[in-house]
Structures are given as structure tokens and as C-alpha cells.
Amino acid sequence: MNRTYSPVKTAVFLCLFVFAFFRAFPQGNLPENVDFWSDYGADELSAAITDRMTDEELLAQVFMFGWAGAEPSSLLKRWVTERGLGSVKVFGWNTDDIHSVARSVKTLQEESLKGRFKIPLFVATDQEGGWIRHVKGETQMTPGNMAIGASGYPVDSYYSGYYISREIKALGINMNFAPVVDLYTDLKSSVIGPRSFGSDPSKVSILAEAFAKGSMDAGVIPTAKHFPGHGDTSLDSHGKLPVIDIDEETWRRRELVPFKFLIANKIPAIMSGHLSFPQLQGDGTPSSLSKKFLTDILRGELGYEGLIITDDMMMNGATEYAGGLARAVCMAIEAGNDIVISSSTAGLNERLWTDNLSRMSSTPGFRDRVRDAARRVLKAKLEYFKGSAPAPLFPDAATIGQFIPDKEGEKFFLEQACRAVTVYKGEDKLPYKPAEGERVLIAGPFLSLYSEGKKRYPKATTFHYSYELAADRSNYDEWNAASLVSVARNFDTIIINVWDEHTAGFCRRLRSLGKKVIILSIMSPVYVMEDFDWVDVIICGYSYSDYSFKALFAVLAGEIKAEGVLPL
């Protein structure tokens with residue numbers, strides 16, 4: 001019997017065969033001993049590894065724990081070695097010795113690579129610049145986001161992200177919870193304040209994207225925060241759940257704008273905030289635990305494909321609503337978070353572990369969600385660690401001094417601080433040059449305030465009071481205020497440092513003296529924007545970094561001209 005060859009039939013047969021093969025063997029031909037470092041694509045390898053993981057291995061990849069003390073505890077090391085913990089976070093209470101930080105990161109990464117799949121850790125921190133600087137030691141105190149907003153140059157934001165990231169990368173830190181893209185909407189906010197680039201959604205979008213690009217170019221994963229927007233509240237979610245009572249139209253034209261812009265520009269990670277938007281979700285569910293916000297809007301509507309990471313779950317704003325930490329963790333995962341943060345290291349058998357592990361066994365949908373989160377984490381790790389310039393897995397503590405502080409960064413941050421300085425009042429009275437015999441008092445708590453002031457005004461006298469005045473507003477504060485007024489009577493000009501409502505109140509007491517008063521405002525400028533019409537000069541610098549004080553006095557003395565514009 002003669003048979004004719006049919007290319008069409010052959011092609012159909014091959015297609016059916018390939019379809020049946022991959023349906024029966026979804027991992028393709030990946031060998032059984034595949035691990036993180038096997039030479040396959042990120043999509044294929046992340047799916048293969050998660051398919052082979054136990055429930056314990058999947059759930060562990062979703063957690064990020066911090067540690068207290070100079071070095072990681074034995075408990076945290078056990079989480080890495082026995083459970084295959086996915087990520088760790090470096091908090092500000094263990095970073096005065098950056099050499100110790102580097103050694104700790106190296107030790108934890110060495111332990112992580114001993115696991116069955118040899119999966120490295122994400123090592124994260126909060127190094128936003130300016131006020132929030134969790135890695136301390138010799139890292140630089142920068143002018144910060146509001147100073148960037150005042151200068152208005154995207155290049156300033158780019159290089160801020162770049163140089164900040166170069167420093168922490170040298171320590172083996174590969175993820176940064178920055179930039180802050182919250183708008184400075186509520187001017188009474190003490191939790192956001194100068195962490196924000198400003199109040200204009202479009203400008204914040206551009207500056208935040210530039211910061212993120214600089215971070216990525218330096219080799220550190222940026223994280224936009226706090227979705228869906230923390231700027232319109234004066235409350236801190238560490239203490240209680242902030243309620244942001246705005247309608248959906250306002251939210252979409254304001255808070256959502258920077259996140260949409262960053263998603264369009266492929267931001268790799270977004271942090272969910274513990275925030276309540278009652279007009280958007282009437283049952284009061286915090287946005288960090290809300291499927292509507294994270295799955296329906298962030299994933300579905302906006303098409304976001306990167307990592308979603310919770311803010312610290314130890315904050316009362318999340319746990320109180322859920323009724324406990326274990327339940328809050330479950331809700332966070334179900335809502336769509338891929339990484340769940342706890343600032344403290346949980347016990348190996350705490351309920352946040354045992355309850356959710358049990359739920360994986362009893363609820364297939366929950367296990368699928370955990371598996372999806374673990375796959376996203378693995379894919380992000382594969383793309384990062386096999387990319388062009390990841391942070392070192394094993395940082396060398398002996399060479400840290402070559403990278404921190406960043407020498408190029410030092411020059412840049414001084415220039416950036418100078419571009420940011422804003423004259424809010426009294427430009428016609430600048431530069432300030434004391435007359436012969438004029439008595440000058442410089443009042444505030446910072447060494448660089450005194451040193452930079454004395455360089456320009458060597459005969460000035462200094463008056464010190466504590467930066468932490470708000471910690472005790474009783475007799476000690478009253479004594480400081482009364483002492484300031486008493487001393488100021490003997491001077492012709494008072495140069496005073498203002499940074500919060502409390503120190504603004506100190507300054508107001510000088511009004512009755514009839515002296516020349518010059519305010520050097522740092523941090524948020526909102527405290528000097530009202531009730532200071534009697535003051536001669538107000539100059540804003542937005543940070544208590546040495547760079548900012550150098551720039552403030554340079555403007556005051558006429559060495560440079562202020563270029564900054566108030567970003568509110």
C-alpha cells in the first residue's frame with residue numbers, strides 16, 4: 001500500500017506530541033538535581049524549583065525577618081539553615097559597625113547556600129536618604145528627598161539613589177526600601193514629612209523614578225512605598241491604623257499617580273502600607289491586607305508584575321485589625337503580598353509559622369497563593385543574582401573602607417544640598433554680614449551648626465539644647481526655653497535652628513526681645529511657614545546632614561545664591 005507524505009499531518013502530530021509531553025512533564029527536561037544556580041531561564045527555573053519544594057520551603061521563602069543586636073541571633077541562623085528563610089532585613093539598631101554588618105551578611109549568605117536548592121537571601125534595609133538611614137556607621141547622612149524636591153532636578157534624585165545604593169551594596173545589601181513616593185499632602189504629618197519629595201504628584205513621580213533608576217544602575221533593587229499612599233495622614237501605622245478619608249477620584253488623581261508612573265517604568269518592588277481608606281474599602285481592611293488593593297487594583301488593573309512586600313507586620317496598624325500576628329500574616333499573603341516582613345525574628349514554632357503551614361495543608365487555594373508568592377520571589381532572585389551587577393554575596397569586611405563613605409558621593413551630596421537651599425523669607429536681607437561689634441548667638445543642637453556658623457562668624461557664641469526635646473515636654477523643656485530667652489537678651493542677632501513644632505515654639509519666645517532673628521529651618525519647612533512674619537530671615541535646608549548646614553551657612557553668608565523652591 002502506497003502512502004504519501006503529508007507535511008501538514010506531520011506538523012499537527014508533532015504539535016500534539018509536544019503539548020502532551022509538556023502537559024505530562026511541566027518541568028520539561030530539567031534534571032532532578034536542579035538548583036538555583038543551574039543554567040536555565042528565570043521563568044523555567046523558578047517554576048521547576050517551586051514545583052519541587054515542600055510546604056515548609058515555600059512558606060519560608062515568603063518571610064523576611066530582622067535581627068536585634070550587633071550580630072544575627074542563633075535563632076535567625078536556624079531560620080536560614082533549618083527552614084530556608086527567604087530574606088532578612090538590616091534594621092537601624094545594629095548598624096553602627098558597618099564591618100560587623102558585612103560579616104553578618106556574609107555568614108547568613110554562606111548558610112543560605114547550604115540549603116537543598118542553594119537559594120541566596122534577599123538582604124534589605126531602609127536607606128531612604130536624609131532622615132531615614134538604617135545603615136549608619138560611616139555611611140553618609142544625605143540631604144534627603146525633600147531637598148531633592150526643592151532642587152527639582154531629576155539628576156539629583158538619580159545620583160542620590162545611585163550613591164546611597166553603592167554604599168549599602170558594598171555591605172552585601174541587595175534591596176532598599178526606597179524611594180518614598182508618598183505625597184506630602186497632610187502638612188501635619190510627622191511620619192512622612194521630609195521623607196517625601198513634595199506634594200505635586202507629577203513631580204514626585206519623575207523624581208521617584210529617577211531615584212529608582214539610580215538605585216538599579218548601582219546594583220540594588222529599589223522598592224516604592226507605601227502603597228496606596230501614606231501622605232494624607234498625621235498618624236504613624238507603627239502605633240495605630242491611620243485612616244485616610246478621601247474619595248476614590250481624589251486618590252486616583254493624587255496618591256495613585258506616582259505608583260502608576262513607576263509601574264509603567266518597571267519598578268521591581270512595591271511596599272504595601274498599613275493604611276485604611278474607608279471610602280475605597282468600606283470594611284476598614286488595611287491596604288496591606290486588602291485583596292482589592294493588591295490583587296484587583298495593583299495586579300489586575302495596573303498590570304504590576306513585580307514583588308509586593310508588606311511593611312513591618314509588627315506594627316499595630318496591621319495586627320490589631322487582624323486580631324493577631326498569625327492571622328495578619330495569613331491575610332497579607334491572601335491579599336497578594338509576596339514577602340511578609342517581621343522586624344523581629346519569630347520563634348521556630350510560633351503561630352505565624354505553624355498556623356499558616358497548617359492552612360497550606362487544609363486549604364489548596366492558600367497553598368497555591370503561597371506557591372505563587374515563592375515563585376515570584378525566586379524569579380526576582382534569579383533575575384537579580386544572575387544579572388550584570390548584583391551585590392556581593394560574601395562582602396569583604398576588610399575592604400569596606402574603600403567604598404564607604406563613597407568619595408564621589410561626598411562631592412555630589414554637598415552640591416545637591418547647595419542646589420536645594422530655599423530662602424523662604426528675607427532674601428533682600430542677604431547676605432548677612434554682622435556690623436562691627438554686633439553680638440551674634442547661634443542656637444541649636446548640632447555640632448555642624450556650630451562649626452559651620454563659627455567659620456563665617458568666628459566671634460559668635462553658641463547655645464546648645466537637645467534635639468530630642470519632644471521626648472520630655474515638662475520642666476526640662478521649660479528650663480531650656482527660659483534659658484534661651486535669658487541668654488538671647490545679651491545678643492543683637494540670634495541665628496536659631498528650627499526643625500519641629502516644639503522648636504518653632506522656642507523661637508516664638510524670642511519675638512518679645514525685639515532682636516534680629518534668623519531661622520535656619522531643617523527637616524520639614526511647615527513649622528516656619530506661619531506666625532513668623534516678625535522674623536528677619538528664614539532659610540530652609542531640609543536635613544540635619546553636615547552637607548545641609550554647610551549649604552545653609554553658605555547662602556546666609558553670601559558664598560552661593562539659593563536656588564531651591566519650596567516643594568509644597
Side-chain angles (χ1 to χ4, degrees), residues 130-131 133 141-144 146-147 190 193-194 417-418 420-426 430-432 434 438-473 476-511 513 515-529 531-532 534-557 562:
W131 180 26
R133 169 176 160 256
M141 167 63 76
T142 74
M146 186 151 286
S190 60
C418 291
V421 173
T422 307
V423 177
Y424 183 70
K425 185 179 188 296
L430 295 176
Y432 168 60
E438 185 174 343
R439 297 163 298 173
V440 179
L441 179 68
I442 300 173
F446 300 100
L447 292 178
S448 53
L449 171 74
Y450 310 146
S451 61
E452 294 300 324
K454 296 282 277 186
K455 285 179 186 176
R456 279 79 176 186
Y457 312 111
K459 295 181 180 180
T461 300
T462 59
F463 179 88
H464 175 83
Y465 46 85
S466 172
Y467 177 75
E468 298 293 344
L469 289 169
D472 180 0
R473 298 189 175 186
Y476 176 71
D477 280 5
E478 180 58 35
W479 178 84
N480 268 286
S483 297
L484 172 62
V485 173
S486 178
V487 170
R489 293 183 192 279
N490 301 313
F491 292 85
D492 303 301
T493 299
I494 299 97
I495 301 172
I496 186 168
N497 192 197
V498 171
W499 61 89
D500 62 4
E501 184 177 359
H502 202 45
T503 48
F506 267 39
C507 184
R508 288 188 184 96
R509 295 201 185 196
L510 301 174
R511 183 172 189 171
L513 300 181
K515 306 289 185 177
K516 182 185 295 182
V517 175
I518 297 170
I519 293 178
L520 300 184
S521 168
I522 58 172
M523 310 298 280
S524 172
V526 299
Y527 305 106
V528 299
M529 291 170 63
D531 303 326
F532 284 107
W534 54 275
V535 167
D536 295 87
V537 176
I538 300 175
I539 310 176
C540 302
Y542 310 103
S543 166
Y544 51 67
S545 74
D546 291 348
Y547 301 117
S548 296
F549 283 116
K550 288 177 186 292
L552 282 164
F553 275 104
V555 168
L556 182 60

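In this structure, the separation between CD1 on Ile442 and CZ on Arg456 is 10.0 Å, given to the nearest 0.5 Å. Remark: Cys540 SG to Leu552 CG distance equals 8.5 Å, nearest 0.5 Å. The CG atom of Leu556 sits 5.5 Å away from atom CD1 of Ile495, with the distance rounded to the nearest 0.5 Å. For the atom pair OG (Ser521) and CE (Met529), the distance works out to 10.0 Å, reported to the nearest 0.5 Å. The structure places CG of Leu441 at 11.5 Å from CD1 of Ile518, a figure rounded to the nearest 0.5 Å. Atom-to-atom distance recorded for Met141:CE and Ser448:OG is 10.0 Å, nearest 0.5 angstrom.
With 3.5 Å as the limit, one finds a donor-acceptor pair spanning the side chains of Ser548 and Ser545. Side chains of His464 and Tyr450: a donor-acceptor N/O pair is present below 3.5 angstrom, by distance only.
Residues Asp531 and Arg508 meet the side-chain proximity criterion, which asks for heavy atoms closer than 4.5 Å. A 4.5 Å side-chain heavy-atom check between Val440 and Phe491 finds every atom pair outside the cut-off. Contact annotation: the side chain of Ser543 never approaches that of Ile522 to less than 4.5 Å [non-hydrogen atoms, C-beta and beyond]. Between Leu510 and Leu484 the shortest side-chain heavy-atom distance falls below 4.5 Å. The side-chain heavy atoms of Val485 and Leu513, taken from C-beta on, include a pair separated by under 4.5 Å. Residues Val537 and Ile519 are not in side-chain contact: their nearest non-hydrogen atoms beyond the backbone lie 4.5 Å or more apart. Here the side chains of Lys550 and Lys455 are in contact, with some heavy-atom distance below 4.5 Å. The shortest side-chain heavy-atom distance between Thr422 and Ile539 does not fall under the 4.5 Å cut-off.
A pairwise comparison of heavy atoms in Val421 and Ala551 identifies CG2-CB, 3.5 Å as the closest pair. Listed here is the closest heavy atom pair of Lys454 and Ala460: NZ-O, 2.6 Å. Tyr465 and Trp499 get closest at one heavy-atom pair: CE1-CH2, 3.6 Å. Nearest heavy-atom pair across Trp534 and Cys507 is CH2-O, 3.4 Å. Listed here is the closest heavy atom pair of Glu452 and Phe553: CB-CD1, 3.7 Å. Taking each heavy atom of Asn497 and Pro445 in turn, the nearest pair found is OD1-CD, 3.8 Å.
Judged purely by atom type and a 3.5 angstrom limit, Ser524 has no side-chain atom pairing as donor or acceptor with the backbone of Gly193.
The residues Lys516 and Glu438 are annotated as salt-bridged, a charged nitrogen and a carboxylate oxygen being separated by less than 4.0 angstrom.
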Any chance you could lay out the ring-ring contact (aromatic ring centres under 6.0 Å, His included) test for Tyr432 and Tyr457, step after step, and finish with the verdict?
CA-CA 10 Å; Tyr432 168 60; Tyr457 312 111; 5.3 Å; yes
When you look at Leu520 and Ile496, which way does the side-chain contact (heavy atoms from CB on, under 4.5 Å) test go after all the steps?
CA-CA 6 Å; Leu520 300 184; Ile496 186 168; over 6 Å; no
Quick one: do Ile538 and Phe532 satisfy side-chain contact (heavy atoms from CB on, under 4.5 Å)? Show the steps, please.
CA-CA 9 Å; Ile538 300 175; Phe532 284 107; 3.9 Å; yes
Between Met523 and Trp131, does a side-chain contact (heavy atoms from CB on, under 4.5 Å) hold up when you go through it step by step?
CA-CA 8 Å; Met523 310 298 280; Trp131 180 26; 3.5 Å; yes
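In this pair, Tyr544 and Phe446 present their aromatic rings parallel. The plane angle is below 30°, not in the 30 to 60° band.
Counting non-hydrogen atoms of other residues, nucleotides and ligands closer than 6.0 Å to CG of Leu447 gives a total of 12 or fewer.
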